[in-house]
Each structure stands twice: as C-alpha cells, then as structure tokens.
Colleague: 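Please find one structure pasted underneath; my questions will follow.
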Amino acid sequence: MEQFFSIAIDGPSGAGKSTVAKAAAKALNFVYLDTGAIYRTVAWHITLMGIGPKDTDHVPMLLDDCNIRIDFQEDGQHMILNGMDITGEIRTPEIAACASQVSAQPAVREFLLDLQRDLAKSHNIIMDGRDIGTVVLPDASLKIYLTATPEARAKRRYDEYIAKGQKTTFEEVLKDQEKRDYDDSHRAIAPLKQAGDAVVVDTTDMGLQESIDYCVALMRERLGL
Ligand code: DC
C-alpha cells in the first residue's frame, strides 16, 4: 500500500494554525484539512435545527441527518452540508462558540473520526485542530504544537473579524477566546493537549510569513523533502 505523509498541527485558536497549514500545504503540494471547519459544520447543523450544543439527547440523533462532504477547490476547503455550501456561513463568533461546546460530545467526535482518518490514508496531508497529534493521527509523520500568548492570538482574531466587517471589540474576542481555550483543554474527551512528541512553535513574536517559513523548513527537514 502506498504510504502517505501526514502532518498534525495542533494548538489553541488564533495561534496561526490554519494560515501556516494552508501555506505549508501549498509549498509542499499536500492537501490541507481544516478540522475545525468540520466541527463548525456540525455546529451550524444543530443551530439550524434549533438544538443547543450541550443537548446530549438530541445532538447524537441529529448526526444521522448530517451529511458532510469536503470539497477541495482552487480557493481552498469547502464545507458541503446536505448538499449546501456553507463555507462562508461558519466563520462567526457564535458558530465558533457552538463548535467548541458541541465538540465536547463524544458522539460528535466519534462521528468525525473516520472522516478525518480516511483522508490521511489517501493523501499527503496537513491537518490542523486540537487533537490531531494525540487522537486522530497518533502516528503522524510530524506533529507541531503551534501556540502564542492569549493577547497575541486574540488580536489576530479581532483583526480578522474587523476585516470581514463583523462588529466586535478586542475585549470581547479575548473573553470568548479564554472561555474556548479553557473548554477545549478541559473537556473529558480528546482535549487540546500537546502530544509528547510534538515540536512546539511559539509564534507570539513571529510575523505571519516568519511562522510559515519556520514551519515549512521544519517539515522539509523532518520529512526529508
Ligand atoms: O479551529 P476552529 O476555531 O475552527 O475550531 C472550532 C472549535 O472546534 C474549537 O473551539 C474546538 C473544536 N475543534 C475540536 O474540538 N477538535 C479539532 N480537531 C478542531 C476543532
């Protein structure tokens, strides 16, 4: 069987995971999978159905009607839910908070596990998320734990929301982020945690391009590319 490379990038929100992973995938000609977008898609689905993310009775039932397809297009990963492209809809603070809460449900994590693993079996892939190196791909060719201070991360998210015309304040983004960091790293199942064999990259004092260059160099060196 053909062997593929897999690179896991985990870390808290706003550390630059998706930007670094996307750029690195382009540089190495790998597929980039944003796993957060999959959890956001589930969050969108249950919100649409009027069910809360902590409802452990109804969320598992709704998963039966949650047909998720991932379409890798020229401009990146598109999330197709029951035939509808909702890629643009899931990038809001509300969906981020809902995704964080719903992702704590074991049924949701179980439901998404094979989807993620199957992609790694058939592509050279870079995945970013919270539990990629610890749970989804414990045998990844390389694991990176990307992090930065809470303030630096919140500033990046805030700039992103403002650029998209969304109304929010820095304080609000920081507060939401603190809650999400806490919840993501304290949930019982697959919490955000650095894998023992992950390389830690702190991007607090790095510009975007610097973080990308550093990680791509690390990947090339470790994978012999
Ligand atoms: O990376 P993101 O902000 O798009 O992720 C949204 C939420 O989804 C995040 O707060 C926690 C959850 N998530 C997860 O539990 N496991 C992953 N591999 C990716 C995201």
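Just so you know, ligand 1 is whichever comes first in the structure, and atom 1 is the first atom listed for that ligand. Worth knowing before you read on, the calculation uses all heavy atoms, side chains too, and leaves out hydrogens, waters and symmetry mates.
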Colleague: Can you report which non-hydrogen protein atom sits closest to atom 3 (O) of ligand 1, along with the distance?
Modeller: Arg40 NH2, 3.0 Å
Colleague: Any salt bridge (Lys or Arg N to Asp or Glu O under 4.0 Å) pairs touching residues 189-209, not counting sequence neighbours?
Modeller: Lys143-Asp197
Colleague: So, are Arg109 and Asp131 salt-bridged, with charged N and O less than 4.0 Å apart?
Modeller: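 Salt bridge flag = yes for Asp131 with Arg109.
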Colleague: Nearest protein heavy atom to atom 10 (O) of ligand 1, by residue and atom, and its distance?
Modeller: Arg180 NH1, 2.7 Å
Colleague: Identify which one of Glu210, Arg156, Arg153 satisfies the side chain to side chain donor-acceptor pair (under 3.5 Å) criterion when paired with Thr203.
Modeller: Arg156
Colleague: Taking Asp183 first and then Arg180, would you say they form a salt bridge - that is, a charged N and a carboxylate O separated by under 4.0 Å?
Modeller: no
Colleague: Quick test: of every protein heavy atom, which one is nearest to atom 16 (N) of ligand 1, and how far off is it to 0.1 Å?
Modeller: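 Result for atom 16 (N) of ligand 1: Arg109 NH2, 3.0 Å.
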Colleague: Of the choices Gln177, Arg157, Arg130, Arg187, which has the non-hydrogen atom that lies closest to atom 9 (C) of ligand 1?
Modeller: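 The residue whose heavy atom sits nearest atom 9 (C) of ligand 1 is Arg130.
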Colleague: For a 4.5 angstrom cut-off between non-hydrogen side-chain atoms, does Tyr158 reach Leu174?
Modeller: no
Colleague: Pull out every atom of ligand 1 sitting under 4.0 Å from any heavy atom of Asp131, numbered as shown with elements.
Modeller: 16 (N), 17 (C), 18 (N)
Colleague: For ligand 1, which atoms, with element, lie under 4.0 Å from some heavy atom of Ser103?
Modeller: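 Contacts of ligand 1 toward Ser103, numbered from 1: 11 (C), 12 (C), 15 (O).
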Colleague: From His186 NE2 over to Asp181 CG, what is the distance, rounded to the nearest 0.5 angstrom?
Modeller: 10.5 Å
Colleague: Which atoms of ligand 1 are found less than 4.0 Å from any heavy atom of Gly129?
Modeller: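 In order of numbering, the contacting atoms are 17 (C), 18 (N), 19 (C).
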Colleague: Considering distance alone, does some N or O of Thr35 sit under 3.5 Å from an N or O of ligand 1?
Modeller: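 Yes, Thr35 has an N/O under 3.5 Å of an N/O on ligand 1.
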Colleague: Starting from atom 8 (O) of ligand 1, locate the nearest protein heavy atom and write down its residue, its atom name and how far away it is, to 0.1 Å.
Modeller: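 Going atom by atom, the protein heavy atom closest to atom 8 (O) of ligand 1 ends up being Tyr39 CB, 3.6 Å.
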Colleague: Please list, chain by chain and in numerical order, all residues satisfying side chain to side chain donor-acceptor pair (under 3.5 Å) with Ser211, sequence neighbours excluded.
Modeller: none
Colleague: Ser100 and Asp184: side-chain donor and acceptor closer than 3.5 Å?
Modeller: yes
Colleague: If the cut-off is 4.0 Å to any non-hydrogen atom of Ser100, which atoms of ligand 1 fall inside it?
Modeller: 7 (C), 10 (O)
Colleague: Short list, please: which atoms of ligand 1 are under 4.0 Å from a heavy atom of Asp184?
Modeller: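 Close to Asp184: 9 (C), 10 (O), 11 (C).
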